[in-house]
Enquirer: 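Pasting in a structure now, in structure tokens, and then I'll have a few things to ask.
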2 protein chains.
Amino acid sequence: MLSKKTKYALHALTYLGKHRESKTVLIHDIAEEHGISHKFLENILLELKKAGLLGSKKGKGGGYYLIKEPKDIPLSKVIRLLDGPIALLPCVSINYYEPCAECKSEAACGIKKVMAEVRDETLKILENKTLEDILTNE
Amino acid sequence: MLSKKTKYALHALTYLGKHRESKTVLIHDIAEEHGISHKFLENILLELKKAGLLGSKKGKGGGYYLIKEPKDIPLSKVIRLLDGPIALLPCVSINYYEPCAECKSEAACGIKKVMAEVRDETLKILENKTLEDILTNE
DNA sequence: TATAAACCCTATTTATTTTATAGACTTTAT
DNA sequence: ATAAAGTCTATAAAATAAATAGGGTTTATA
């Protein structure tokens with residue numbers, strides 16, 4: 001399951017996607033719309049900004065805005081950013097690789113082999129679904 | 001990512017699958033093979049038994065054994081059992097449905113719609129990969 | 001029939017991760 | 001100047017996962 005962080009990030013991105021005609025959107029408005037803690041959301045938006053998905057304007061009249069096309073924001077990107085690996089095991093993660101402590105030989109591990117396939121197929125799904133798909137369903 | 005519980009369950013099932021010629025296998029042997037806590041694994045095997053994947057024999061000379069064909073044990077089953085939902089959001093979970101607190105209208109939620117599609121496609125993958133696939137790769 | 005081996009069951013503790021909060025700082029429009 | 005808004009880092013609280021503990025029951029076998 002996705003963490004609340006990722007879920008809230010998706011809500012925020014959706015909200016921003018729906019308000020692209022406004023120059024900026026307030027954290028406050030997004031938080032209120034979904035009854036999310038303002039401060040918690042603040043951290044999330046900051047991460048999205050650092051990752052290059054959002055831009056922001058400081059000071060009075062400021063706020064956040066999307067700087068990518070919705071079609072260029074795949075679920076895989078958002079999930080990796082806030083939740084980490086998409087692979088089901090660390091030993092088959094592309095971006096967060098780590099060996100499994102209990103594994104004797106990675107080369108001979110059938111679980112690893114199968115999980116690498118699962119990862120490839122899962123990635124296909126999550127790279128193909130984008131914010132645009134969410135927006136067209138709203 | 002999978003929890004250690006699920007990961008250990010897969011290791012145990014693999015071990016049992018490799019030793020189907022023996023009548024029974026000791027928790028001890030599986031735990032030792034992978035350096036897993038005996039007691040932790042005990043709980044896991046008990047769950048697998050209650051779910052109908054394993055049989056056991058009590059008392060001296062006892063142990064566990066597979067009671068299903070490896071091809072009839074899909075990853076989806078093991079994951080659901082120990083980790084819970086396969087869906088990325090509670091509101092699209094088949095077996096563990098719960099509404100999302102921050103969602104105003106499930107019917108109009110684009111995130112939900114997309115996540116339901118992700119769930120369907122993910123399920124296809126995890127229902128198709130079975131213990132047999134793991135065993136043939138060992 | 002006593003004994004030791006092995007699984008069964010429930011509860012509790014410990015560790016880790018996630019979620020949430022706090023507060024001081026910086027920028028900017030008016 | 002002032003107030004509005006994002007930036008940043010740290011900490012606290014809550015939830016979940018991982019591990020441990022210990023007594024109970026069953027069974028082979030000497």
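Here is the naming used below: chain letters follow the sequence lines, and residue numbers restart at 1 for every chain. Since this is a predicted model, take the numbers as computed values, not measurements. Just so it is clear, the values below take in all heavy atoms, side chains as well, and ignore hydrogens, waters and symmetry mates.
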Enquirer: According to side-chain hydrogen bond (donor to acceptor under 3.5 Å, both in side chains), does anything in residues 52-62 of chain A pair up with another residue at least two apart or in another chain? List the pairs.
Expert: A:Lys49-A:Ser56
Enquirer: For nucleotides 19-30 of chain C, read 5' to 3', which letter fits each nucleotide if B means a protein heavy atom sits under 4.0 Å from the base, S means only the sugar-phosphate is that close, and - means neither?
Expert: SBBBB---BBB-
Enquirer: Assign B:Leu45 to base, sugar-phosphate, or nothing according to its heavy-atom contacts below 4.0 angstrom with the strands shown.
Expert: nothing
Enquirer: Under the salt bridge (Lys or Arg N to Asp or Glu O under 4.0 Å) definition, can you give me all pairs with a residue in residues 73-95 of chain B, not counting sequence neighbours?
Expert: none
Enquirer: For nucleotides 14-16 of chain C, print each protein N/O atom paired with a nucleotide N/O atom at under 3.5 Å, atom names and distance only.
Expert:
none

Enquirer: Going 5' to 3' along DNA chain D, between which two nucleotides do contacts with chain B fall, using a heavy-atom cut-off of 4.0 Å?
Expert: D:dA18 to D:dA28
Enquirer: Please write out which residues are connected to B:Leu26 in a hydrophobic cluster, directly or through intermediates, given that two of Ile, Leu, Val, Met, Phe, Trp, Tyr count as joined at side-chain heavy-atom separations below 4.5 angstrom.
Expert: none
Enquirer: Contact class for B:Ile27 (heavy atom, under 4.0 Å): base, sugar-phosphate, or nothing?
Expert: sugar-phosphate
Enquirer: Closest approach of A:Ala12 and A:Ile30, non-hydrogen atoms and distance?
Expert: CA-CG2, 3.8 Å
Enquirer: What's the closest nucleotide to the side chain of B:Lys50 if the choices are C:dC9, C:dC7, C:dC8?
Expert: C:dC9
Enquirer: Identify every side-chain donor-acceptor pair in residues 106-113 of chain B under 3.5 Å, counting partners at least two apart or on other chains, and give the distances.
Expert:
from	atom 1	to	atom 2	distance (Å)
B:Glu106	OE1	B:Lys112	NZ	2.6
B:Glu106	OE2	B:Tyr97	OH	2.7
B:Lys112	NZ	B:Cys91	O	3.2
B:Lys113	NZ	B:Ala107	O	3.3

Enquirer: How close or far is atom P of C:dC9 from atom CD of B:Glu47, stated in whole angstroms?
Expert: 12 Å
Enquirer: I'd like to check the ring pair (Phe, Tyr, Trp, His ring centres under 6.0 Å) partners of A:Tyr64; sequence neighbours left out, ordered by chain and number.
Expert: none
Enquirer: Name all pairs fulfilling the salt bridge (Lys or Arg N to Asp or Glu O under 4.0 Å) condition that reach into residues 31-47 of chain B, sequence neighbours left out, sorted by first residue then second.
Expert: B:Lys5-B:Glu47, B:Lys39-B:Glu42
Enquirer: Name all residues meeting the ring pair (Phe, Tyr, Trp, His ring centres under 6.0 Å) criterion together with A:Tyr96; count only those two or more places apart in sequence or in a different chain, and write none if there are none.
Expert: none
Enquirer: Any salt bridge (Lys or Arg N to Asp or Glu O under 4.0 Å) involving residues 126-138 of chain B? Give me the pairs, sequence neighbours left out, ordered by first then second residue.
Expert: A:Glu117-B:Lys129, A:Glu121-B:Lys129, B:Lys18-B:Glu138
Enquirer: Share the residues that join B:Tyr65 in a hydrophobic cluster, the rule being Ile, Leu, Val, Met, Phe, Trp or Tyr side chains under 4.5 Å apart at the heavy-atom level.
Expert: B:Ile67
